[in-house]
Amino acid sequence: SDIGSQKERVVTEEEWLQKWEMGNIGFHKEQGHPLLQKYLDVLLNGRSGLRIFFPLCGKAVEMKWLADMGHSVVGVEVSEQAVKEFFSEHSLPYCEEPVPEISGAKLFQSTSGNISLYCCSIYDLSSSIVGKFDGVWDRGALVAVNPRDRQRYASLMISLVEKNSSCLLVTVSYDPNKHKGPPFYVPESEIKSLFG
């Protein structure tokens with residue numbers, strides 16, 4: 001699969017943090033994503049009270065939306081600013097504590113207990129720390145991961161989900177030779193080889 005000149009492209013953690021600091025977050029949607037609303041039944045599959053994972057969650061408004069429906073939401077985000085903005089913009093009280101297994105990581109949890117956001121690298125997570133999930137909403141994670149890290153990302157995601165889980169994955173289609181990304185171009189063939 002030809003992903004053009006993007007194959008070697010690397011965006012560092014510092015660059016992502018800088019995007020948040022500068023408010024350069026065109027990827028953040030103030031309204032819930034229409035594709036999540038459209039395919040919510042696929043994600044939930046008639047089930048209630050699910051554990052739903054938001055990889056590279058930013059301050060996605062859908063986290064509160066799903067939590068308000070009675071689901072338990074867990075996200076991971078490298079920017080502490082994004083995590084704190086999520087709680088303040090929704091006027092949600094929260095507590096903050098260190099994550100003993102991950103040096104420097106913090107867990108921000110709503111006092112209601114149904115939203116838990118880990119502030120660390122996604123690659124520091126494992127099922128022994130966060131448990132397993134019934135569903136995943138990947139709106140901008142796979143397309144944000146550096147192309148060379150996709151296999152590592154996919155393996156992690158597979159290790160974090162229950163057998164009968166559902167994953168909604170949003171990608172973008174364009175000519176990768178015309179844009180350097182992110183969001184990166186991920187062809188359908190590669191998605192199939194990553195996730196089977």
Side-chain angles (χ1 to χ4, degrees), residues 1 3 6 16 19-20 24-79 82-83 85-87 89-92 110 112 114-118 122 125 130-145 147 150 153-176 178-179 181-196:
S1 62
I3 57 169
Q6 292 184 352
W16 284 112
K19 285 177 189 288
W20 281 101
N24 180 15
I25 54 169
F27 48 82
H28 173 69
K29 293 202 178 317
E30 295 293 340
Q31 307 301 318
H33 199 290
L35 288 173
L36 178 58
Q37 293 164 1
K38 182 175 178 182
Y39 293 103
L40 184 62
D41 294 347
V42 175
L43 182 64
L44 302 182
N45 195 15
R47 302 168 298 167
S48 57
L50 301 186
R51 290 192 83 229
I52 300 175
F53 186 51
F54 278 67
L56 314 189
C57 62
K59 56 178 184 175
V61 297
E62 298 92 333
M63 295 189 289
K64 179 159 189 317
W65 187 59
L66 285 166
D68 287 347
M69 284 181 205
H71 302 289
S72 174
V73 169
V74 177
V76 61
E77 169 56 51
V78 76
S79 167
V83 170
E85 283 178 12
F86 169 80
F87 286 108
E89 287 172 13
H90 294 284
S91 306
L92 289 172
S110 62
S112 57
N114 58 355
I115 301 175
S116 305
L117 305 183
Y118 288 82
I122 190 169
L125 295 184
V130 295
K132 296 238 182 184
F133 299 97
D134 307 301
V136 176
W137 169 238
D138 181 338
R139 197 280 287 181
L142 180 63
V143 297
V145 166
R150 280 182 195 154
Y153 172 82
S155 300
L156 173 65
M157 296 307 290
I158 291 165
S159 76
L160 293 179
V161 295
E162 298 284 7
K163 290 263 185 285
N164 60 347
S165 63
S166 304
C167 175
L168 288 185
L169 170 68
V170 179
T171 61
V172 285
S173 189
Y174 64 83
D175 180 347
K178 291 198 167 74
H179 305 280
F184 295 112
Y185 170 66
V186 187
E188 192 173 347
S189 57
E190 188 169 356
I191 294 167
K192 288 194 168 101
S193 71
L194 287 171
F195 294 101

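Throughout, residue positions are numbered sequentially from 1 according to the sequence presented. Fair warning: this is a prediction, and the values are worked out from it, not measured in the lab.
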query = Just wondering, do F184 and H179 contact through their side chains at under 4.5 Å, heavy atoms?
reply = no
Interatomic distance, CD1@I25 vs CH2@W20, rounded to 0.5 Å, equals 4.0 Å
Between the NZ atom in K38 and the CG atom in L168, the distance rounded to the nearest 0.5 Å is 12.0 Å
When rounded to the nearest 0.5 Å, the distance separating CD of E85 from CD of E89 is 5.5 Å
Residues passing the salt bridge (Lys or Arg N to Asp or Glu O under 4.0 Å) test with E162, sequence neighbours excluded, are none
Nearest heavy-atom approach of V73 to M63 is CG2-O, 3.5 Å
Separation between SG (C167) and CG (D138), nearest 0.5 Å, reads 6.0 Å
**Prompt:** F133 vs F53 aromatic rings, parallel, tilted or perpendicular, using cut-offs 30° and 60°?
**Reply:** parallel
request  = Just do the side-chain contact (heavy atoms from CB on, under 4.5 Å) check on L117 and E77 with the steps written out, would you?
outcome  = CA-CA 7 Å; L117 305 183; E77 169 56 51; over 6 Å; no
- request: For H90 and V61, run side-chain contact (heavy atoms from CB on, under 4.5 Å): C-alpha distance rounded to whole Å, both residues' side-chain angles, the deciding distance at 0.1 Å, then the answer.
  value: CA-CA 8 Å; H90 294 284; V61 297; 3.9 Å; yes
For residues 40-51, which side-chain N or O atoms pair as donor and acceptor with protein atoms under 3.5 Å away, sequence neighbours left out?
{"unit_1": "R47", "atom_1": "NE", "unit_2": "L44", "atom_2": "O", "d": "3.0"}
{"unit_1": "R47", "atom_1": "NH1", "unit_2": "N164", "atom_2": "O", "d": "3.3"}
{"unit_1": "R47", "atom_1": "NH2", "unit_2": "L43", "atom_2": "O", "d": "3.3"}
{"unit_1": "R47", "atom_1": "NH2", "unit_2": "D134", "atom_2": "O", "d": "3.4"}
{"unit_1": "R51", "atom_1": "NH1", "unit_2": "V130", "atom_2": "O", "d": "3.0"}
{"unit_1": "R51", "atom_1": "NH1", "unit_2": "K132", "atom_2": "O", "d": "2.7"}
{"unit_1": "R51", "atom_1": "NH2", "unit_2": "V130", "atom_2": "O", "d": "2.9"}

I want to check something: taking the side chain as every heavy atom from C-beta on, are V74 and I52 in contact at a cut-off of under 4.5 Å?
no
Contacts of V161 meeting side-chain contact (heavy atoms from CB on, under 4.5 Å) (sequence neighbours excluded), chain-then-number -> V136, S165
With sequence neighbours left out, the residues meeting salt bridge (Lys or Arg N to Asp or Glu O under 4.0 Å) with K163 are none
To the nearest 0.5 Å, atom CG of L36 lies from atom NZ of K29 at 12.5 Å
On a heavy-atom basis, the closest approach of V143 and P182 is O-CB, 4.0 Å
W65 and F54: aromatic ring centres closer than 6.0 Å? no
(request) Test side-chain contact (heavy atoms from CB on, under 4.5 Å) on V186 and I191 and set out the steps. (result) CA-CA 7 Å; V186 187; I191 294 167; 3.7 Å; yes
Check: With a cut-off of 6.0 Å (strictly less than), are more than 12 heavy atoms of other residues, nucleotides or ligands near OH of Y39?
Finding: no
For A60 and F86 the tightest heavy-atom approach is O-CE1, 3.4 Å
So salt bridge (charged side-chain N to carboxylate O under 4.0 Å, His left out) across residues 64-74, not counting sequence neighbours, yields K64-D68
With sequence neighbours left out, the residues meeting salt bridge (Lys or Arg N to Asp or Glu O under 4.0 Å) with K178 are D175
Looking only at heavy atoms, the pair that brings Q6 and Y185 closest together is OE1-N, 3.1 Å
In short, A67 meets N114 closest at the heavy-atom pair O-ND2, 3.5 Å
Between H28 and K59 the two heavy atoms that sit nearest each other are CE1-O, 3.3 Å
Heavy atoms, side chains only, cut-off 4.5 Å: are I122 and V78 in contact? no
| task | Given side-chain contact (heavy atoms from CB on, under 4.5 Å), test L142 with F195 step by step and report yes or no. | result | CA-CA 11 Å; L142 180 63; F195 294 101; 4.2 Å; yes
Rounding to 0.5 Å, atoms OG (S193) and CZ (R150) come to a distance of 10.0 Å
